[in-house]
Amino acid sequence: MVCHTLNQFLKILKKNGLNQKTYVKAKAQLSRLPKSNQVRGRLQKWLDQNLEIQRKLELGKMPLPVSSDIIESLFGKFKSIMARGFRSEFNRMALFIPALCGHPTNIEIMRGLEIVRQNDLLRWINSNIHTTQRSLRHEFNRDKPFVRGVVKTGQKLYKAA
């Protein structure tokens with residue numbers, strides 16, 4: 001009984017997020033548990049706290065995500081895109097993630113392009129996104145000849161063809 005009730009509770013929130021409507025449904029599921037049940041009390045407290053957060057964010061009917069599935073899906077899409085790109089650009093490509101969220105209108109896109117200047121973006125990247133170790137190694141070895149083999153005393157090193 002307890003497991004089934006909790007599974008239904010989680011199913012409501014995981015699938016639909018948390019807003020006033022799902023709060024009422026989830027609370028109804030919890031009411032099936034005995035009042036003395038500690039899990040019921042803790043989950044009710046969690047519901048109350050997070051509904052308050054949803055209200056403070058002024059999301060209206062838009063639900064507050066409860067599951068990490070959305071984030072995992074977003075990063076899955078990002079990884080798929082990154083598989084086609086250059087790994088040396090991975091840190092900077094993280095800026096692409098917001099473009100995968102929602103469905104911006106042409107007006108929102110134009111507004112973003114008008115507000116954000118290239119120099120501001122480059123300055124922000126330089127101060128917030130660090131160079132990857134791979135890029136640092138590549139830069140360090142850029143003009144150095146590739147050496148193959150182990151150096152033995154008295155032998156000359158040779159370059160790869």
Do you reckon [X] sits in the same ILVMFWY cluster as [Y], going by side-chain contacts under 4.5 Å, direct or chained?
{"X": "Leu113", "Y": "Val116", "value": "no"}
{"X": "Val24", "Y": "Leu10", "value": "yes"}
{"X": "Val39", "Y": "Val66", "value": "yes"}

Would you give the length of the straight line joining atom [atom1] of [X] to atom [atom2] of [Y], rounded to the nearest 0.5 angstrom?
{"X": "Leu6", "Y": "His4", "atom1": "CG", "atom2": "NE2", "result": "10.5 Å"}
{"X": "Ile12", "Y": "Lys27", "atom1": "CD1", "atom2": "NZ", "result": "13.5 Å"}
{"X": "Arg40", "Y": "Leu47", "atom1": "CZ", "atom2": "CG", "result": "11.5 Å"}
{"X": "Gln8", "Y": "Lys11", "atom1": "CD", "atom2": "NZ", "result": "5.5 Å"}
{"X": "Lys25", "Y": "Gln20", "atom1": "NZ", "atom2": "CD", "result": "12.5 Å"}
{"X": "Ile125", "Y": "Asp120", "atom1": "CD1", "atom2": "CG", "result": "11.0 Å"}

Crowded around [X] [atom1]? As in, over 12 foreign heavy atoms under 6.0 Å?
{"X": "Asn106", "atom1": "CG", "value": "no"}
{"X": "Gln49", "atom1": "CD", "value": "yes"}
{"X": "Ile107", "atom1": "CD1", "value": "no"}

[Y] side chain reached by [X] side chain, heavy atoms, under 4.5 Å:
{"X": "Leu43", "Y": "Leu33", "answer": "no"}
{"X": "Met62", "Y": "Asn19", "answer": "no"}
{"X": "Leu64", "Y": "Tyr23", "answer": "no"}
{"X": "Thr5", "Y": "Gln29", "answer": "yes"}
{"X": "Pro63", "Y": "Asn16", "answer": "no"}
{"X": "Asn50", "Y": "Gln54", "answer": "no"}

Under-4.0 Å salt bridge between Asp48 and Lys45: no

Worked check of side-chain contact (heavy atoms from CB on, under 4.5 Å) between Leu30 and Asn37: CA-CA 10 Å; Leu30 289 179; Asn37 186 297; over 6 Å; no

Closest non-hydrogen atom pair, Pro104 against Ile109: CB-CG1, 4.1 Å

Sidechain-backbone polar pair: Thr22 side chain, Leu13 backbone, donor-acceptor under 3.5 Å: no

Results of salt bridge (Lys or Arg N to Asp or Glu O under 4.0 Å) for Arg55 - residues two or more places apart only: Glu52

